[in-house]
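Some notes on the structure that comes next.
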Amino acid sequence: MADLGKDIKKLGFGLMRLPQKDGAIDLEQTKEMVDKFMAAGFTYFDTAWAYAGSEDAIRQALVERYPRESFQLATKNAAWIRCETQEEAQAQLETSLRQTGAGYFDFYLLHNLGEHRTQVFDKFDMWNFVQQKKKEGLIRHVGFSFHSTPEELEEILQNHPEMEFVQLQINYADWDAPAIQSRRCYEVARKYGKPVVIMEPVKGGMLANPPESVQKILKDAEPDMSVASWGIRFAADLEGVITVLSGMSSLEQMEDNLSYMKDFTGLTDAQRATLKKAQEEMARIPLIPCTTCNYCAKVCPQDIGISGTFTAMNLLTLYRNKAGAKHQEEWLVGSHGRKPAAECIKCGACEEVCPQHISIREELAKAAEALKD
């Protein structure tokens, strides 16, 4: 298992954010990007049943144009999306095979495990299903993607040692962030000997435009390198990594990534020191010191999504990206059945149990104002 992906170069083409034209995926530009990627010696492509139009696009741009053994294709099963029965959950594999025309998947992932979503895969016995499909030759390697706590990751890996790899959100900004805990999740995966596919190395594009003081550190060190390149190189420098996914959505992004990853062999000590400075500078920016312990959630009579709101607000403070912050709020609050900050009744129960002594009522009021439409 340790050799999994040893012949795969350290840049993967994430197909979640393909270029758009007139409201649809720009197939011609996608083909051009695929051609540049393959010509540079890169071969790992990552799609998902849940990425609208992506599987169909990669069939036309890649599968129908290149020999099947010349690339690795990964896709994902999201059993927790619109599946009421085991049959519906399992049918996602058939749909993915049909849409991609790939014949088999080199890497097949149970998608976005963590919290209540893991229970859905248990309920539909997806663990045994994917092992059976591996025996049938429809899947070469089975793993899962994950967005939750290191403790939960450890529990899954203990329960399912048959999983061959893990896909984790890792970047230099989230490395020690309490809400993401990239470092600790990575360390758990390595503890269990699982190779890692890295997603979000540029944090959905946000590390292409980090705080100005962070940008200055990176640009002073290497004026000719893109700011985004530091995120991908940080991730690719870690041990036990199969590949680092970049959700490229333009030829320019593709060309930039290829320019520094084509011959990437690792970071120098000076480059690691620069990234450490960037991390330290980020840590100096005043944020809401929420560790997502969620003691507040246990006592809130309104069921306000307090920690999710604070994660969104910290995102807004760091990256000045309101759309990204609102998307985070919608996912961590609304999608998890919590109420928005505006519905806080200011009872103060949360503040009595907060280990970080946050002025929660005041911060929620600020968030309600900052994140409103």
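All residue numbers refer to positions in the sequence shown, counting from 1.
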Next on the checklist: Closer than 3.5 angstrom, by distance alone: can the side chain of K339 be matched with the main-chain N or O of E343 as a donor-acceptor pair?
Outcome noted: no
Item to check | Salt-bridge present (R338, D303; N to O < 4.0 Å) | outcome: yes
Checklist entry - Are side-chain heavy atoms of N257 and F37 found at a separation under 4.5 Å? => result no
Item to check | Linked, directly or transitively: L11 and F264 (ILVMFWY side chains, under 4.5 Å) | outcome: yes
Checklist entry - Is the backbone of T85 close enough, under 3.5 Å, to the side chain of E88 for a donor and an acceptor to pair up by distance? => result yes
Item to check | Check: M163 and W127 side chains under 4.5 Å, non-hydrogen atoms | outcome: yes
Checklist entry - Can the ring centroids of Y44 and F71 be said to lie less than 6.0 angstrom from one another? => result no
Item to check | Pairwise side-chain contact, I170 with F234, heavy-atom cut-off 4.5 Å (strictly under) | outcome: yes
Checklist entry - Is there a chain of hydrophobic side chains (I, L, V, M, F, W, Y, each step under 4.5 Å between heavy atoms) that links M16 to F107? => result no
Checklist entry - Do we see a donor-acceptor contact under 3.5 Å between the side chains of N209 and Y319? => result no
Item to check | N-O pairing of D237 and K10 below 4.0 Å | outcome: no
Checklist entry - Going by an N to O cut-off under 4.0 Å, is there a salt bridge joining R17 and E200? => result yes
Checklist entry - Under 4.5 Å between any side-chain heavy atoms of V34 and I58, yes or no? => result yes
Item to check | Salt-bridge criterion met for E136 and K133 (N-O under 4.0 Å) | outcome: yes
Item to check | Note: E151-R184 ion pair, threshold 4.0 Å (strictly below) | outcome: yes
Item to check | Donor-acceptor side-chain pairing of T43 and Q72 below 3.5 angstrom | outcome: yes
Item to check | Lys/Arg-Asp/Glu bridge criterion (N-O < 4.0 Å) met for K76, D46 | outcome: yes
Checklist entry - With no hydrogens and no angle check, is any side-chain donor or acceptor of N321 less than 3.5 Å from a backbone partner on G324? => result yes
Next on the checklist: Could you check whether any side-chain N or O of Q92 sits under 3.5 Å from a backbone N or O of A78, counting only pairs where one atom can act as donor and the other as acceptor?
Outcome noted: yes
Item to check | Side-chain donor-acceptor pair present, T100, E55, cut-off under 3.5 Å | outcome: no
Checklist entry - Do F146 and V188 touch side chain to side chain, with heavy atoms closer than 4.5 Å? => result no
Checklist entry - Is K372 paired with E369 through a side-chain N to carboxylate O contact shorter than 4.0 Å? => result yes
Next on the checklist: Distance to the ring centre below 6.0 angstrom and angle to the axis at most 45 degrees; does that hold for R140 and Y104?
Outcome noted: yes
Checklist outcome for this item: E281 and I217 have their tightest heavy-atom pair at CB-CD1, 3.7 Å
Next on the checklist: Are V202 and I180 linked, directly or through intermediate hydrophobic residues, by side-chain heavy-atom contacts shorter than 4.5 Å (ILVMFWY only)?
Outcome noted: no
Checklist entry - Taking atom types as modelled, is there a side-chain donor on N112 or S145 under 3.5 Å from an acceptor on the other? => result no
Checklist outcome for this item: P286 and T317 have their tightest heavy-atom pair at O-CG2, 3.9 Å
Next on the checklist: Within the 3.5 Å criterion, strictly below it, is a donor on Q60 or D56 matched to an acceptor on the partner's side chain?
Outcome noted: yes
Checklist entry - Would E212 and K216 pass as an ion pair if we require N to O under 4.0 Å? => result no
Next on the checklist: Checking side-chain polar atoms at under 3.5 Å, does E115 have a donor or acceptor matched by the opposite partner on H147?
Outcome noted: no
Checklist entry - Is there a side-chain contact between E222 and Q271 (heavy atoms, below 4.5 Å)? => result yes
Next on the checklist: I need the minimum non-hydrogen distance between G308 and L332, along with the two atoms involved.
Outcome noted: CA-CB, 3.7 Å
Checklist entry - For S148 and E152, does a side-chain donor sit closer than 3.5 Å to a side-chain acceptor? => result yes
Next on the checklist: Please evaluate residues Q131 and E162 with respect to the criterion side-chain contact (heavy atoms from CB on, under 4.5 Å), reporting the C-alpha separation (whole Å), side-chain torsions for both, the decisive distance (0.1 Å), and the verdict.
Outcome noted: CA-CA 9 Å; Q131 292 302 319; E162 75 278 10; 3.4 Å; yes
Next on the checklist: Hydrophobic clustering (ILVMFWY, side-chain heavy atoms < 4.5 Å, transitive) - are M254 and Y66 grouped together?
Outcome noted: yes
Item to check | Closest approach of N171 to S182 (non-hydrogen atoms, all atoms of both residues) | outcome: N-OG, 4.0 Å
Checklist entry - Stepwise, does the side chain to side chain donor-acceptor pair (under 3.5 Å) test hold for Q279 with D176? => result CA-CA 9 Å; Q279 290 171 317; D176 288 310; 5.5 Å; no
Next on the checklist: Is it true that Q86 and D125 share a donor-acceptor pair across their side chains at a distance under 3.5 Å?
Outcome noted: no
Next on the checklist: Between H336 and W331, does the ring-ring contact (aromatic ring centres under 6.0 Å, His included) criterion hold? Intermediate values first, please.
Outcome noted: CA-CA 7 Å; H336 284 67; W331 168 248; 5.1 Å; yes
Next on the checklist: Taking the basic N atoms (NZ, or NE/NH1/NH2) and the acidic carboxylate oxygens, is any pair closer than 4.0 Å for E164 and K134?
Outcome noted: yes
Item to check | Closest non-hydrogen atom pair between A236 and M261, with its separation | outcome: CB-CE, 3.8 Å
Checklist entry - If we only count heavy atoms from C-beta on, is the I232 to S229 side-chain gap below 4.5 Å? => result no
Item to check | Pair F144-F121, ring-ring contact (aromatic ring centres under 6.0 Å, His included): steps then yes or no | outcome: CA-CA 11 Å; F144 61 92; F121 293 98; 9.2 Å; no
Next on the checklist: Is there a continuous path of hydrophobic side-chain contacts, each under 4.5 Å between heavy atoms, that joins L62 to Y108?
Outcome noted: yes
Item to check | Polar side-chain atom of Q253 near backbone of M248 as donor-acceptor pair, under 3.5 Å | outcome: no
Checklist entry - Do T243 side-chain atoms and K9 backbone N/O form a donor-acceptor pair below 3.5 Å? => result yes
Item to check | R68 side chain to V63 backbone, donor-acceptor under 3.5 Å | outcome: no
Checklist entry - Going by atom types alone, do T47 and T75 pair a side-chain donor with an acceptor below 3.5 Å? => result no
Item to check | E155 and N159: CA distance, side-chain angles, deciding distance, side-chain contact (heavy atoms from CB on, under 4.5 Å) verdict | outcome: CA-CA 6 Å; E155 182 180 356; N159 291 338; 3.7 Å; yes
Item to check | Expected output: side-chain R59 to main-chain E64 donor-acceptor under 3.5 Å | outcome: no
Next on the checklist: Restricting to non-hydrogen atoms, name the atom on P67 and the atom on S70 that form the minimum distance, rounded to 0.1 Å.
Outcome noted: O-OG, 2.5 Å
Checklist entry - Are Q29 and L18 side-chain neighbours, meaning at least one heavy-atom pair lies under 4.5 Å? => result no
Next on the checklist: Please determine whether side-chain contact (heavy atoms from CB on, under 4.5 Å) holds for the pair F42 and L258, giving the CA-CA distance in whole Å, both sets of side-chain angles, and the decisive distance to 0.1 Å.
Outcome noted: CA-CA 9 Å; F42 295 93; L258 295 179; 3.5 Å; yes
Checklist entry - Within a radius of less than 6.0 Å around NZ of K322, do more than 12 heavy atoms belonging to other residues, nucleotides or ligands occur? => result yes
Checklist entry - Between the main-chain N or O of H111 and the side-chain N or O of W80, is there a donor-acceptor pair closer than 3.5 Å? => result yes
Item to check | Derivation of the side-chain contact (heavy atoms from CB on, under 4.5 Å) call for Q167 and V196 | outcome: CA-CA 6 Å; Q167 185 161 306; V196 175; over 6 Å; no
Checklist entry - When the ring planes of W175 and Y186 are compared, do they come out parallel, tilted or perpendicular, using 30° and 60° as the limits? => result tilted
Checklist entry - In terms of side-chain geometry, is the basic nitrogen of E239 or R190 positioned less than 4.0 Å from the acidic oxygen of its partner? => result no
Next on the checklist: Treating S259 as the side-chain partner and D256 as the backbone partner, does any N or O pair qualify as donor plus acceptor under 3.5 Å?
Outcome noted: yes
Anything under 3.5 Å between a donor and an acceptor, one on a side chain of residues 288-299, the other on a protein residue two or more places apart or in another chain? List them.
residue : atom : partner : partner atom : Å
N294    : OD1  : S307    : OG           : 2.7

